[in-house]
Amino acid sequence: MQLAVLGDINGNICALEAVLHAIEEAGILTIFHTGNSVVGHPEGAAVLECLQAAQVVCVQGDQDRQLVRFGKKPPRDAALHAAMQHAYETLHSTALEHLRTLPKKRTLEMEELSIAVTHGSLTSQAEILSAETSSMRLQRQREIVPADLILCGGAPTPFYRQIANTFFVGPGWVDEAPGRARYAVVDTEEEMWSVDFPHVSYTVEEHS
């Protein structure tokens, strides 16, 4: 089985469309998104529509959670506050409700494999797992959810680690840099699983 994993999109529809096109060209049908979809760029509504149209399996990110609570508990960071205020004011109520109802984590079975999808860790959206996370901490995660594959978002830089029989994959941010997008591909068809992080170029559109 081949599957694609998208990290934080941050409202960047151009980056998202670029990676979805590359994934389609590669013939990969199963796509996961580890949360944080709309805050950061002005095209959040288009991002949500695109994810739904492509039937991407999504979870709620930490910024998604903060966004739907924005009216009651806005963030203290000034830059994040401004970005969330823009997203909150421009998204339709149905889009905010969609973000509200996304699960914090998902566990599912595919082709006899157990897959867990989360933003951050399996116990906290705000706790980001990365290449620097200790093996002991990752071991604790697989004890909480003994999955074959744990897909975790939040970290800007991609990584993968194997702890016992569990693969941890962090896809990194989709909008890695202006004009440069990224996603992860996990291939379980061979006995030795492989993880790759392809890059895709796209045209940066100016917004007034």
Side-chain angles (χ1 to χ4, degrees), residues 3-12 14-16 18-20 22-23 28 30-41 44 47 51 56-67 75 77 79-80 83-84 87 99 102-107 115-145 147-164 166-187 193-200 202:
L3 56 91
V5 191
L6 312 179
D8 295 33
I9 301 168
N10 302 319
N12 191 329
C14 295
L16 175 60
V19 297
L20 287 178
I23 291 167
I28 300 173
T30 303
I31 311 172
F32 295 96
H33 169 48
T34 58
N36 281 5
S37 52
V38 299
V39 177
H41 287 75
V47 165
L51 289 170
V56 177
V57 179
C58 302
V59 295
Q60 184 191 73
D62 186 48
Q63 288 187 4
D64 299 328
R65 177 185 60 82
Q66 293 183 62
L67 178 62
D77 179 85
L80 181 58
M84 283 199 174
L99 289 174
L102 285 175
K104 293 181 180 180
K105 60 185 176 185
R106 292 179 186 262
T107 55
I115 302 173
V117 190
T118 184
H119 183 87
S121 74
L122 291 164
T123 52
S124 170
Q125 291 168 311
E127 179 192 19
I128 304 303
L129 304 180
S130 70
E132 286 72 42
T133 301
S134 69
S135 297
M136 183 179 299
R137 182 59 187 155
L138 295 180
Q139 174 65 30
R140 176 57 180 154
Q141 292 292 298
R142 69 181 296 273
E143 290 172 357
I144 295 170
V145 179
D148 299 301
L149 182 61
I150 297 178
L151 310 175
C152 44
T157 303
F159 76 96
Y160 73 93
R161 300 266 298 278
Q162 183 176 2
I163 303 296
T166 298
F167 256 66
F168 288 81
V169 177
W173 290 2
V174 169
D175 63 333
E176 178 186 24
R180 184 176 169 91
R182 177 178 50 206
Y183 61 103
V185 175
V186 182
D187 189 340
W193 291 9
S194 65
V195 182
D196 192 20
F197 302 103
H199 291 93
V200 184
Y202 66 94

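The shortest heavy-atom contact between Arg161 and Ser134 is NH2-C, 4.0 Å. Here the closest non-hydrogen pair linking Cys58 and Arg106 is O-NE, 2.6 Å. The two residues Gly154 and Trp173 have their closest heavy-atom pair at O-NE1, 3.2 Å. Cys152 approaches Phe159 most closely through the heavy-atom pair SG-CZ, 3.8 Å. Between Val39 and Ala83, the closest heavy-atom pair is CG1-CB, 3.7 Å. Among all heavy-atom pairs drawn from Val5 and Leu3, the shortest one is CG2-CD1, 3.6 Å.
Side-chain atoms of Asn36 come within 3.5 Å of backbone N or O of Gln63 as a donor-acceptor pair. Side chain of Asp64 to main chain of Ser37: a donor-acceptor pair is present (N/O by atom type, distance under 3.5 Å, no hydrogens or angles). A donor-acceptor contact shorter than 3.5 Å links the side chain of His41 to the backbone of Asn10.
With values rounded to the nearest 0.5 angstrom, His33 atom NE2 is found 4.0 Å from Ile9 atom CD1. In this structure, Glu176 CD and Asp8 CG are separated by 12.5 Å, a value rounded to the nearest 0.5 Å. Of the inter-residue distances, the one linking Leu151 atom CG with Thr34 atom OG1 reads 8.0 Å to the nearest 0.5 angstrom. Atoms CG and CD1, from Leu6 and Ile23 in turn, are 5.0 Å apart once rounded to the nearest 0.5 Å. Residue Ser135 holds its OG atom at 9.5 Å from CZ of Phe168, rounded to the nearest 0.5 Å. Taking CD1 from Ile163 and CZ from Arg137, the interatomic distance works out to 12.5 Å, rounded to the nearest 0.5 Å.
For the pair Ile31 and Leu20, the minimum side-chain heavy-atom distance is below 4.5 Å. Two residues are said to be in side-chain contact when any heavy atoms from C-beta on lie closer than 4.5 Å; Leu80 and Gln66 meet this criterion. With contacts defined as side-chain heavy-atom distances shorter than 4.5 Å, the pair Leu138/Thr166 does not qualify. Looking at heavy atoms from C-beta onward, Leu129 lies out of side-chain contact with Thr118 at the 4.5 angstrom threshold. Two residues are said to be in side-chain contact when any heavy atoms from C-beta on lie closer than 4.5 Å; Tyr202 and Asn12 meet this criterion. For the pair Thr157 and Ser130, the minimum side-chain heavy-atom distance is 4.5 Å or more. The shortest side-chain heavy-atom distance between Tyr160 and Ser194 does not fall under the 4.5 Å cut-off.
With sequence neighbours excluded, the residues satisfying ring pair (Phe, Tyr, Trp, His ring centres under 6.0 Å) with Phe167 are Trp193.
Checked options Arg65, Gln125, Lys104, His119; the residue passing with Gln60 is Gln125 (criterion: side-chain hydrogen bond (donor to acceptor under 3.5 Å, both in side chains)).
Side-chain N/O atoms of Ser121 and Arg140 include no donor and acceptor closer than 3.5 Å.
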